[in-house]
*Asks:* 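Attaching a single structure in structure tokens format; questions to follow.
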Amino acid sequence: MAGTTTAVDAKKGEEEQGAVMKAVMQVVEHVMEPGSSLTQRMQYIINGIFAVLLLSITLLIFVDETGSIHPKVMLGLLAGLAVSTNWFFSIILDPEFQAAQQAAEAEAAKEKEEGESKKDK
């Protein structure tokens with residue numbers, strides 16, 4: 001019976017679909033979590049999206065028979081966005097930058113406490 005699917009095949013397909021949905025939900029939950037957008041994992045996700053867009057636009061350029069300039073402009077914009085985003089992540093994820101930011105936050109909290117204690121007196 002070549003055209004029929006068995007219950008085992010159907011269950012296997014459901015399990016694969018469930019695994020894909022679980023992975024997608026983990027990414028969505030990570031993105032929606034406050035403060036999660038400035039992590040190495042998020043940089044990988046964004047770079048993956050850029051890779052898919054790069055592939056799509058490149059294929060469009062080769063398939064397009066009209067010779068339109070629009071896909072080429074979009075490719076240039078995508079390249080600029082990818083470079084600037086990765087530059088931003090390289091600064092944000094730099095350990096020296098993070099240490100300086102934590103020191104500045106600690107100093108601001110200390111000044112706030114001193115200001116409040118002076119008001120109370």
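Here the structure is a predicted model, which means the values were calculated and not measured.
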*Asks:* Assigning hydrophobic clusters by single linkage (Ile, Leu, Val, Met, Phe, Trp, Tyr; side-chain heavy-atom cutoff under 4.5 Å), is Met21 placed with Val28?
*Replies:*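 Different hydrophobic clusters.
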*Asks:* CD of Gln17 to NZ of Lys22: how many Å apart, nearest 0.5 Å?
*Replies:* 15.0 Å
*Asks:* Counting N and O atoms only, with roles assigned by atom type, does the side chain of Ser84 sit under 3.5 Å from a partner on the main chain of Leu81, one being a donor and the other an acceptor?
*Replies:* yes
*Asks:* Measuring from Glu114:CD to Lys110:NZ, what's the distance to the nearest 0.5 Å?
*Replies:*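 Taking CD in Glu114 and NZ in Lys110, the distance rounds to 5.5 Å.
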*Asks:* Donor-acceptor pairs under 3.5 Å, side chain of residues 67-77 to any protein atom, not counting sequence neighbours: which ones?
*Replies:*
residue	atom	partner	partner atom	Å
Ser68	OG	His70	N	3.3
Ser68	OG	His70	ND1	2.8

*Asks:* Hydrophobic clustering (ILVMFWY, side-chain heavy atoms < 4.5 Å, transitive) - are Ile61 and Leu59 grouped together?
*Replies:* no
*Asks:* So how far is it from Leu93 CG to Thr39 OG1, rounded to the nearest 0.5 Å?
*Replies:*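 Rounded to the nearest 0.5 Å, the CG-OG1 separation comes out at 7.5 Å.
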*Asks:* Is any side-chain heavy atom of Gln43 closer than 4.5 Å to one of Gln40?
*Replies:*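 A side-chain contact under 4.5 Å exists here.
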*Asks:* I need the Tyr44 OH to Ile49 CD1 distance, nearest 0.5 Å.
*Replies:* 15.5 Å
*Asks:* Would you say that more than 12 heavy atoms from the other residues, nucleotides or ligands in this model lie under 6.0 Å from the CD of Glu96, or not?
*Replies:*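 No - once you tally the heavy atoms of other residues, nucleotides and ligands closer than 6.0 Å, there are 12 at most.
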*Asks:* Quick check: is Val83 connected to Ile91 through a chain of hydrophobic side chains (ILVMFWY, heavy atoms under 4.5 Å apart)?
*Replies:*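 In one cluster: no.
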*Asks:* Drop me the distance from Phe89's CZ to Asp94's CG, to the nearest 0.5 angstrom.
*Replies:* 14.0 Å
*Asks:* Measure the CE-CD1 distance between Met42 and Ile46 for me, rounded to the nearest 0.5 Å.
*Replies:* 4.0 Å
*Asks:* Restricting to non-hydrogen atoms, name the atom on Arg41 and the atom on Gln26 that form the minimum distance, rounded to 0.1 Å.
*Replies:* NH2-O, 4.1 Å
*Asks:* Counting only N and O atoms by type, is there a donor-acceptor contact under 3.5 Å from the side chain of Asp64 to the main-chain atoms of Leu60?
*Replies:* no
*Asks:* Any chance CZ of Phe97 has more than 12 other-residue heavy atoms, nucleotides or ligands included, within less than 6.0 Å?
*Replies:*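 Yes, CZ of Phe97 has more than 12 neighbouring heavy atoms, counting only those of other groups under 6.0 Å.
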